[in-house]
There are 2 protein chains.
Amino acid sequence: MAAVTLKDVAERAGVSIKTVSNVVRDAPRVSEATRKRVLKAVHELGYRPNPSARRLRTGHSGLIGLAVPDLATPYFAELAQHVRAEAAQLGLTVLIEETSGDATEELRLATGVGASLLDGVILSPLGVSPDDLAAVANEFPLVLLGERSYARDQVGADHVLIDNVAAAREATTHLAGLGRTRIAAIGVDRQASATSRQRLEGFQLALHEAGVTYDPRLAPSIKEFDRRNGLLAMRALAELPVGVRPDAVFCFSDLLAAGAQRALFEAGLRIPDDVAVASIDGSDEALYSTPSLTSVVPDKAAIAGLAVKCLAARIRSDVPLPFEVHTAPHWLHARESTNGGHQRLFR
Amino acid sequence: MAAVTLKDVAERAGVSIKTVSNVVRDAPRVSEATRKRVLKAVHELGYRPNPSARRLRTGHSGLIGLAVPDLATPYFAELAQHVRAEAAQLGLTVLIEETSGDATEELRLATGVGASLLDGVILSPLGVSPDDLAAVANEFPLVLLGERSYARDQVGADHVLIDNVAAAREATTHLAGLGRTRIAAIGVDRQASATSRQRLEGFQLALHEAGVTYDPRLAPSIKEFDRRNGLLAMRALAELPVGVRPDAVFCFSDLLAAGAQRALFEAGLRIPDDVAVASIDGSDEALYSTPSLTSVVPDKAAIAGLAVKCLAARIRSDVPLPFEVHTAPHWLHARESTNGGHQRLFR
DNA sequence: TCGATTGGTTCCAACGTTGTAACTGCGAAA
DNA sequence: TTTCGCAGTTACAACGTTGGAACCAATCGA
């Protein structure tokens, strides 16, 4: 309401508005005496710069956007926390948006709200086409999370990702290493999103290496990466005739795995004795589930760090930078859903 | 980058800047012919109003903040989705912030970023004192989520909440109705947050009504409302000597219950046969856990709707409105963790 | 002693928008 | 014919901030 402005501070300190501005921006050429006097007034009045005015004048707001398909997905929620932490270190504030995987919404965020309010956007795309994004990335700082869906030499924007093929391969190899031969995959996307395609590729690769033949009946299509789809897919798999029914399942996300675990529970099948379960995401929820879930854990802190730093560099620079692709590490955490037995968390 | 401004549109349409402004704001006194011509230019150039400039001039940005302690808590993530949906209907954009329950951070959000960038804030307070918030609420649109911590006639800000005492009472009564007599509570907060105190009150009330004496050993203090604290608290309870060990537990949040379920699993105790479990939050995670979790489900859509509408009204009004307290409904969903047996989700 | 240099500060204009007031026609009332 | 009213439009100033240039002392070298 009664917002304190530079003018108020200037009057109190007995200097000009511009001098106060110089002080708060840490500009050089301010004498120590003046600086102290101004800072005192700033403190007394509780002055805070007006971001709107600042942005209007400089073109920078110190705000960046993070757009994810779904905030209630533990993976994205945890990622958002890391992004916020990284951004805070650079003095940036994060505006979190939810796209529902809607292409229009994803684009609107990058062009609409983005261009006029935010300095840049970190986007986890789901529905939007690479071409559209590339067009935007050329005129607005944009970092994409997750695997890109076009060829390696056609990078049209900055990317931060994990090696999805390798991650899926490791998880599947782990399942095969238990001696399982009827390994199912839950997460083949009807819209064939890039992430889904690459995880399927890693899955098939691992099967091939293990000498297990790929059975399409064990890789049903799903609509969304949520618990409900995981449950329904697993239920259908569990009802397959003996001999076809899987003895292991690799889920493309922890949420799908949570649904699958539930379906197995309802069907009276034991994990991992009857069906071993592995997935990708490494959310806290997976660690605490019963049994705890074997999962490939992407280094979320690294992803967030790379994305924020990359975006910040692009924002700061006024010359067009070449687009970069950063890969963050991941690790397989083997837990009860494949090992069996009871582990004791924390001691 | 090359942002389109009113000036560009005005030149293209052959009218003054102000006329374009009038058109895009739907101001009266614009002839139909002019309006059409201007809208055509707007569309052709892809003009989007600059929120910073608009906010600077009018004092309104169309942005509201939602500040929650922790985004990775399913309850808050789900609530955020509802808030976003409600706000979108009113043409408002939501900036989601995470406070970690830190009092300084909570206040900074309301005064700092808030006052100069946002039109108003919906805050789920955890650490900040009511007095500080009341002071802020008087000069900045603020709606608080969750129970207030001061007397009924001292309302210093708008509130949207559920009846925590009643909710806790219903859950506990449900446990007592199973014939359980050694009922534990997990969620007594070391900092004695308002929510925690009220849930404890409802818990004790229900025990009294059921003729069960309250045993402080069964209501340990915890530090945070997360899975880890739930696990550690339940583990300690499970290790109590026979005769003292609980046969039921009421957790103050789904996250605590998830940890408690894990601890019971590790201890080899069956749910609900050995220990029945109930909680508050009604997150999706609780529905899918094994066994599914009996929980009191607050009407999150109602909470979000009331909060957003209340905040919007306060933003629009230039006269100080009286502070209001809105109560959203809640329901007890009894599931496997108290009923036993297997239910089949979806059909 | 004078001009040049430097540190420190101030003045001016501009960012894109909108509220207020002023201006233009034009038809209706006097 | 003059005047009034009104719909439709425009000019101007201001929101709070900052980049650039101008300004003013004091100090320096010659």
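Numbered from 1 within each chain, the chains take letters A, B, ... in sequence-line order.
- Atom NZ in B:Lys7 sits roughly 16 Å away from atom P in D:dT10 (whole-Å rounding).
- The distance between atom CD1 of A:Ile17 and atom P of D:dT17, rounded to the nearest whole Å, is 9 Å.
- Close to C:dT9, at under 4.0 Å from its OP1 or OP2, lies a side-chain N or O of A:Ser31.
- Under a 3.5 Å cut-off, the side chain of B:Asp119 and the backbone N or O of B:Ile64 do not form any donor-acceptor pair.
- Across the protein-nucleic acid pair, A:Arg55 atom CZ and C:dT17 atom P stand 12 Å apart, rounded to whole Å.
- Residue-to-nucleotide contacts include a donor-acceptor pair under 3.5 Å from the side chain of A:Lys18 to the base of D:dG20.
- Computed from coordinates, the B:Leu6 CG to C:dG19 P distance equals 12 Å when rounded to whole Å.
- Atom CZ in B:Arg84 sits 5.5 Å away from atom CD in A:Glu98 (nearest 0.5 Å).
- Set against D:dG16, D:dT18, D:dT10, the side chain of B:Ser16 has D:dT10 as its closest nucleotide.
- Taking every side-chain heavy atom of A:Thr58 into account, D:dT18 is the closest of C:dG16, C:dT17, D:dT18.
- Atoms CG (A:Asn22) and P (D:dA22) sit 17 Å apart, rounded to a whole Å.
- Nearest to the side chain of A:Asn50, among D:dG16, C:dT9, C:dG16, sits D:dG16.
- Straight-line distance from the CD atom of B:Glu11 to the C1' atom of C:dG16: 14 Å, rounded to whole Å.
- For the pair B:Ser52 and C:dT17, the criterion of a side-chain N or O lying under 4.0 Å from OP1 or OP2 is not met.
- In this structure, OG1 in A:Thr93 is found 11.0 Å from CG in A:Leu118, a value given to the nearest 0.5 Å.
- Note that the CG atom of A:Leu79 and the CD atom of A:Gln81 stand 9.5 Å from one another [nearest 0.5 Å].
- A donor-acceptor pair under 3.5 Å links the side-chain atoms of A:Arg25 to the main chain of A:Ser21, judged by distance alone.
- For A:Arg25 and D:dG19, the shortest distance from a side-chain N or O to OP1 or OP2 is below 4.0 Å.
- Between the NZ atom of A:Lys36 and the P atom of C:dG8 there is a distance of 15 Å, given to the nearest Å.
- Closest to the side chain of A:Thr19, out of C:dT10, D:dT10, D:dT17, is C:dT10.
- A donor-acceptor contact under 3.5 Å is formed by the side chain of B:Arg57 with the base of C:dT18.
- B:Arg54 places its CZ atom 8 Å from the C1' atom of C:dT17, with the value rounded to the nearest Å.
- Comparing C:dT10, D:dT18, D:dT17 against the side chain of A:Tyr47 picks out D:dT17 as the nearest.
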